[in-house]
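Here is the structure we will look at, set down as structure tokens.
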Amino acid sequence: MRDILSDLNKEQLVAVEATEGPVMVIAGAGSGKTRVLTYRIANLMRKGIDPFNILSLTFTNKAAREMKDRVMQLIGDREGRNVWMGTFHSIFAKILRIEGKHLGYPSNFTIYDSDDSKRLIRSILSEKNLDTKVYSPSYVASRISMAKSSLVSPRAYADNPEIIAADESARKPEIKNIYNTYQNRLRRADAMDFDDLLFNTYLLFSNFAEVLLKYQRKFKYIMVDEYQDTNHAQYLILKKLAANTENICVVGDDAQSIYGFRGANISNMLNFKHDYSDYHLFKLEQNYRSTKNIVEAANHVISYNKDQIKKKVWTGNDQGSLLGFIHATSDNEEGKMVADSVFELKMNNQLPNSDFAILYRTNAQSRSMEEGLRGKNIPYKIYGGTSFYNRKEIKDLLAYFRLVINHNDEDSLQRSINTPARGIGKTTMEKIVVAADEHDVNMWEVITNLAKYGVNLNSGTTAKLMNFSTMIKSFAAEMKKKEAYDLARHIAISSGLLKMFRDEDTPEAVSRVENIEELLNGIKQFSEKGAEENEGDLELQGTLEEFMQDIALLTNQDNEDEEDKDKVTLMTIHSAKGLEFPYVYVVGLEENLFPSIQSISTRTELEEERRLFYVAITRAEKHLTLCYAESRFRWGQFTITEPSRFLDEIDESLIDRPKKVSMGAKDLFGSSTKTKVPKRNLKSINTSSSDPSFESSDTGGLQTGMKVEHPKFGKGKVMAVEGNGPNKKATVFFNGVGQKSLLLRFAKLKIIV
DNA sequence: TCCGATCTATTTTTT
DNA sequence: ATAGATCGGA
């Protein structure tokens, strides 16, 4: 620990040593940002600061874990574990479990993930008889989420003329009411969604001065990673927490801001100098990670963005080899070619699998990569995607756990009450929901006091409900006595859930049973670990409640323990941020995929996509390969693609591209013997050809999401509408044909819905 | 109330 | 492709 400071370059060193007062570090990709943060923590402790007084915030679990590991390496586990290090959400959840009572929440509140939120929104929509085509749950969810991350309460939402006008012009005036009901429902269930973890922390700190003071005293030194990704709520919370000592150090890179879609606001970086006039600014511009070619490619790409803080990222590293380029005819071939390339590099240079990463824009792209790698027997691991905790059987079992911990959790109640079937059907549940709404109490309250709330049910049903609540209560009683694993297994068996899947006797059900076993094993490990650490410490360790708190914020597979060491990494670019790999493949560089179709209509969104591409490029240390496939299965359909505009933004001289440039659909059809075009798609192209009786509609009011029919392309869905007047264009996804951009002036479109 | 067959929306990215 | 929603029959 003595000479840790000698590991740093001059700029890093000053940033590490400026421990007092506000500090902002603008750190280019690969410039040792995490290093600065971890060494800062070590340095603080070296100077005698109590680790309990240090707070370090990150965005992803992976980044948090990485930071923890590195800090532990520097200063040892014993002291290291006392630093409050974690994601914003997990740290604030921890605080809210302790202080939530001030806001009227019990400490065992349930955290709803985005799935749970959407399900709740769905059920509110159906109660309010709103059309889910107009009020698409994900749209409503994102409106609500945006409001919350800007600290706009349901009340403030309804009172804000601009928001209301926006909703009205989008013909969705009900959103304010949905938001209000949604928030009441969460409250009634003693549940918080992800945004509430921030919003409520903000409320806590602004309304309870003594609580704020307690945490201001506690967190004398605050560090924030990826500051460019903070949203308004996070910004204000930080401002409050740091108000006393102003010992706040934020590290960020505007060029890597990729979370605008969830409310991140780069202006938080720009505002820093206004909030803390005596701040110190440090810039880290030397890239230690990548070769000259990679850095140059990245700089070139990002220079296409208008909005950016000027800085010059450079490297003293070798020139390195040219960027690789893979041009495949289909997504499957792309997977094969990437796997071949990995295999070749690995064999020629005797490299471990862990040197390789394959990065993509969307989780769905992992499949063809997996197939390719499996074909070559290359071990891989996937981050994210449909995570373990999102599988149906896991959610089913977790719903029991959650309900046992928090009986008021209505989502879990609805999920578990008739799974496995107990003869408590829709009619019964409807009556309960109605009674709950009428008396503004939650469903558990109604179920356990049927008479009091005037619910009329026959004696058989009453008995069934009674049995269910008795069972849940008995589980809850055992929670205090039993260890997490024992209780979990007991619930899996006594609830009948395990039996239900066993009885099903399909291959699918077998894997569901296996997954349940896996979850139980995970719990076993957890409680054993708890018992180990328990000596002398918290008595709560190792209970099911603790386990649930632990996993509530783990949305992707974060359990890396088992020998996942030497494997190729597959992940989205978003989750790759902050990581680095010697060999990186960026796949699916196609228009409408990357940049994504939803982003190409506005400059800000397109620039965010470009920053995402920048992040992807700068993950690579030694070699970067860019991949493009001429066709791809998307939404279960065969689609013809065009190369991404981003490919043109890298200087040709940096890419090792085969001379022949052949692209586009014509070429593909000419040589389509190689590409498997499913029969039914060919059929649908042929059968839906021009029909003399076809009548086109007035497309003046055409909107995203509408269903249309085209005389030649058949039925499709409008993905985007852009331009005005005679130049108005629509991007339509046609079943079996793929995506088409149509000039409405000419296109004969019939609006179906 | 349950079950199966059929229809339908869904896919951007993360906590 | 796939999970969930919906509907009709048992």
Side-chain angles (χ1 to χ4, degrees), chain A residues 57-64 86-93 111-119 122-123 125-126 132-133 136-139 142 145 148-149 192-198 226 229-231 233-234 257-264 359-367 383-387 390-392 395 418 420-429 458 460-461 464 508 552-556 558 571-577 588 592-600 605 608-609 611-613 615-616 633-639 678 705 707 717 719 733 735 753:
Chain A
L57 296 166
T58 58
F59 275 82
T60 63
N61 293 310
K62 206 165 326 98
T87 63
F88 276 91
H89 291 84
S90 69
I91 295 284
F92 293 163
I111 297 175
Y112 278 9
D113 67 18
S114 8
D115 259 28
D116 305 328
S117 308
K118 258 189 219 158
R119 204 169 24 252
R122 258 207 190 86
S123 70
L125 290 173
S126 85
T132 49
K133 281 180 201 108
S136 106
S138 37
Y139 179 82
S142 87
S145 174
K148 285 191 181 183
S149 43
M192 297 192 199
D193 66 13
F194 287 145
D195 298 306
D196 284 335
L197 295 175
L198 306 182
E226 313 279 13
D229 287 332
T230 47
N231 62 29
Q234 289 161 327
S257 160
I258 55 174
Y259 284 105
F261 70 91
R262 73 172 204 215
L359 308 180
Y360 34 77
R361 177 68 237 268
T362 64
N363 283 305
Q365 288 167 259
S366 72
R367 169 172 303 201
Y383 285 91
T386 306
S387 90
N390 263 331
R391 291 177 197 185
K392 184 185 173 302
K395 283 228 145 193
N418 204 30
R422 297 192 173 87
I424 303 171
K426 222 166 79 184
T427 327
T428 310
M429 290 312 282
N458 64 41
T461 312
K464 286 172 191 162
E508 206 195 15
L553 293 164
L554 293 187
T555 26
N556 27 0
D558 281 320
M571 55 169 66
T572 64
I573 301 164
H574 280 89
S575 37
K577 191 163 68 143
N592 298 337
L593 176 60
F594 193 15
S596 115
I597 185 158
Q598 286 89 340
S599 72
I600 51 181
E605 284 177 291
E608 179 154 315
E609 291 285 303
R611 290 193 294 269
L612 191 59
F613 187 42
V615 168
F633 257 92
R634 280 186 91 182
W635 304 294
Q637 297 290 336
F638 178 76
T639 321
K707 292 251 173 77
K717 186 175 173 186
M719 308 305 288
F733 186 87
N735 300 337
V753 183

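Heavy-atom basis, side chains included; hydrogens, waters and symmetry copies ignored. Here is the naming used below: chain letters follow the sequence lines, and residue numbers restart at 1 for every chain.
With hydrogens and angles disregarded, a donor-acceptor distance shorter than 3.5 Å links the side chain of S149(A) to the backbone of S145(A). When atom types are taken as modelled, the side chain of E609(A) and the backbone of S596(A) share a donor-acceptor pair closer than 3.5 angstrom.
In this structure, the ring of F59(A) has its center no less than 6.0 angstrom from the ring center of H574(A).
With salt bridges taken as basic N to acidic carboxylate O contacts below 4.0 Å, none links D229(A) and R262(A). Using a 4.0 Å cut-off between charged nitrogen and carboxylate oxygen, D113(A) and K395(A) count as a salt-bridge pair.
Put simply, T428(A) has a side-chain N or O that comes within less than 4.0 Å of OP1 or OP2 on dT1(B). Checking the phosphate oxygens (OP1, OP2) of dT15(B), no side-chain nitrogen or oxygen of T87(A) falls inside 4.0 Å. Distances shown here put every side-chain N or O of N363(A) at or beyond 4.0 Å from the OP1 or OP2 atom of dT12(B).
Take the nearest nucleotide of DNA chain B for P137(A) and for I424(A): the residue whose nucleotide is more 5' is I424(A).
Going from atom CZ of R122(A) over to atom C1' of dT8(B) covers 11 Å, rounded to whole Å. Atom CG of N231(A) is separated from atom C1' of dT14(B) by 12 Å (rounded to the nearest Å). Note: CD1 (I258(A)) to P (dT15(B)) measures 11 Å, nearest angstrom. With rounding to whole Å, D195(A) atom CG is found 15 Å from dT14(B) atom P. Residue L359(A) contributes atom CG, which lies 20 Å from atom P of dT12(B) at whole-angstrom precision. When rounded to the nearest whole Å, the span between CG of L612(A) and P of dT14(B) equals 10 Å. Computed from coordinates, the Q234(A) CD to dT15(B) P distance equals 12 Å when rounded to whole Å. If you measure from atom CD of Q365(A) to atom C1' of dT13(B), you get 11 Å, rounded to the nearest angstrom.
In this structure, the side chains of Y360(A) and L593(A) stay at 4.5 Å or more apart for every pair of heavy atoms.
Checked against dC2(B), dT14(B), dT15(B), the side chain of H89(A) finds its nearest nucleotide in dT15(B). Nearest to the side chain of K118(A), among dT15(B), dT13(B), dT11(B), sits dT11(B). Ranking dC3(B), dT13(B), dT12(B) by closeness to the A421(A) side chain, first place goes to dC3(B). The side chain of Q598(A) approaches dT11(B) more closely than any other nucleotide in the set dT11(B), dG4(C), dT2(C).
At a cut-off of 3.5 angstrom, the base of dT14(B) holds no donor-acceptor pair with the side chain of T572(A).
Contact annotation for S138(A): backbone-only contact, meaning every heavy-atom pair under 4.0 Å involves sugar-phosphate atoms and none involves a base. At a threshold of 4.0 angstrom between heavy atoms, the contacts of F59(A) are confined to the sugar-phosphate backbone, with no base atom among them. Looking at heavy-atom distances under 4.0 Å, F594(A) makes no contact with the nucleic acid at all. Residue N418(A) is in sugar-phosphate contact alone, with no base atom involved, counting any heavy-atom pair closer than 4.0 Å across all strands shown.
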